[in-house]
Amino acid sequence: MERSELPVLFFDSGVGGISILRRSVRLLPCEDYLYFGDSLHAPYGVRSLGEVRELCLNALEPLIARGVKALVVACNTATSAAIGALRERYPDLIVIGTEPAIKPAVERHEGGRILVMATPMTLKEEKFLALQAQYQPRAEIIPLPCPGLMEFVEQGVTSGGAVEGYLLDKLEPYRNVPVSAIVLGCTHYPFLTGAIRRIVGRHVEIIDGADGVAQQLRSRLAAENLLSARTEPGRVAFENSLDQPEILELCRTLLNAPEE
Ligand code: DGL
């Protein structure tokens with residue numbers, strides 16, 4: 001098979017990376033996609049760096065061995081822990097990571113106050129600290145660790161009392177000290193945009209990095225002449241380390257859910 005007709009592999013600790021996959025499918029509908037979620041080991045964001053790196057390398061090895069033309073690490077936490085090791089291990093593969101969309105948020109809200117919601121690991125790691133140091137002179141960047149939040153999405157819970165109670169608890173302090181934007185620094189959180197919006201109101205911009213990653217995928221594939229030549233819609237296949245049909249059903253539901 002031509003290399004350009006191999007699938008693009010998406011990887012996340014669970015179902016969150018589908019928030020990036022859906023934008024990629026919209027931008028590049030003729031590609032084939034294989035999405036793998038490591039829900040068996042989720043959450044990643046409260047584990048140690050070394051543990052997450054091992055989990056990523058182990059899960060990805062057999063998937064990459066099947067033949068893929070690009071890897072999108074659709075997870076901020078896994079990117080912080082493993083992107084360097086993955087690029088080293090697969091020097092000939094296009095490997096794209098995900099990071100909190102602080103740059104576009106600061107460009108749109110110079111001098112503003114920007115809240116970054118992410119897992120504890122993402123907010124502790126070098127990648128985030130470097131971004132914060134780089135952009136802090138241009139805006140106030142406030143990290144907001146959200147342990148326990150991705151679990152709602154993993155359970156298919158994106159609205160209702162339990163998740164809205166969690167979010168209210170986290171976001172209540174910023175109702176009196178208003179923020180200009182909220183960066184969703186975990187790929188699970190875009191599925192909670194509606195619930196977050198109901199708490200913070202219409203005037204706070206909610207930003208995620210999904211379009212940036214999808215555009216990066218398109219330009220990297222184009223640069224290496226690896227865009228599919230097909231003109232009909234490609235296939236999206238889901239696999240998960242949890243051996244349960246329900247999780248695959250949730251993946252399909254999230255892919256097709258209307259965006260709030
Ligand atoms: N989806 C994830 C992220 O972007 C991680 C969630 C987790 O496993 O803790 O960081």
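Counting convention: from 1, in listed order, for ligands and their atoms alike.
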For atom 1 (N) of ligand 1, what is the closest protein heavy atom, and at what distance to 0.1 Å? H188 ND1, 2.7 Å
Ion pair check, R235 and D32, cut-off under 4.0 Å: no
Near S13 (heavy-atom distance under 4.0 Å), the atoms of ligand 1 are 5 (C), 6 (C), 7 (C), 8 (O)
Which segment of N76 sits under 4.0 Å of ligand 1 when only heavy atoms are counted: both
Min heavy-atom dist C75 to ligand 1 below 4.0 Å: yes
If you count the atoms of ligand 1 from 1 in the order shown, which ones are under 4.0 Å from a heavy atom of T77? 3 (C), 5 (C), 10 (O)
Is the contact between V46 and ligand 1 made by the side chain, the backbone, both, or neither, using heavy atoms and a 4.0 Å cut-off? neither
Taking atom 9 (O) of ligand 1 as the reference point, the nearest protein heavy atom with its distance: G45 N, 2.8 Å
For ligand 1, is there an N or O atom under 3.5 Å from any N or O atom of T187? yes
Closer than 4.0 Å to some heavy atom of D12 - which atoms of ligand 1 meet that? 1 (N), 2 (C)
Can a side-chain donor-acceptor contact be found between T77 and T122 if the only test is distance below 3.5 angstrom? yes
When the ring planes of F36 and F11 are compared, do they come out parallel, tilted or perpendicular, using 30° and 60° as the limits? parallel
Check each atom of ligand 1 against the heavy atoms of M150 and keep those under 4.0 Å away; list them by number with element. 6 (C), 7 (C), 8 (O), 9 (O)
Using the rule that Ile, Leu, Val, Met, Phe, Trp and Tyr join whenever any side-chain heavy atoms are under 4.5 Å apart, tell me whether I18 and F152 fall into a single cluster. yes
Counting distance only, does the side-chain N/O of K170 pair as donor-acceptor with the main-chain N or O of C146 below 3.5 Å? no
Could you tell me if S4 and S228 have a donor-acceptor pair between their side chains, going purely by distance under 3.5 Å? no
Would you say P43 and ligand 1 have an N/O pair spaced under 3.5 Å apart? no
What I want to find out is whether E260 reaches R198 closely enough, with some N-O distance under 4.0 Å, to be called a salt bridge. yes
If we only consider heavy atoms of G16, is any one of them less than 4.0 Å away from an atom in ligand 1? no
Residues R26, E259: salt bridge by 4.0 Å N-O rule: yes
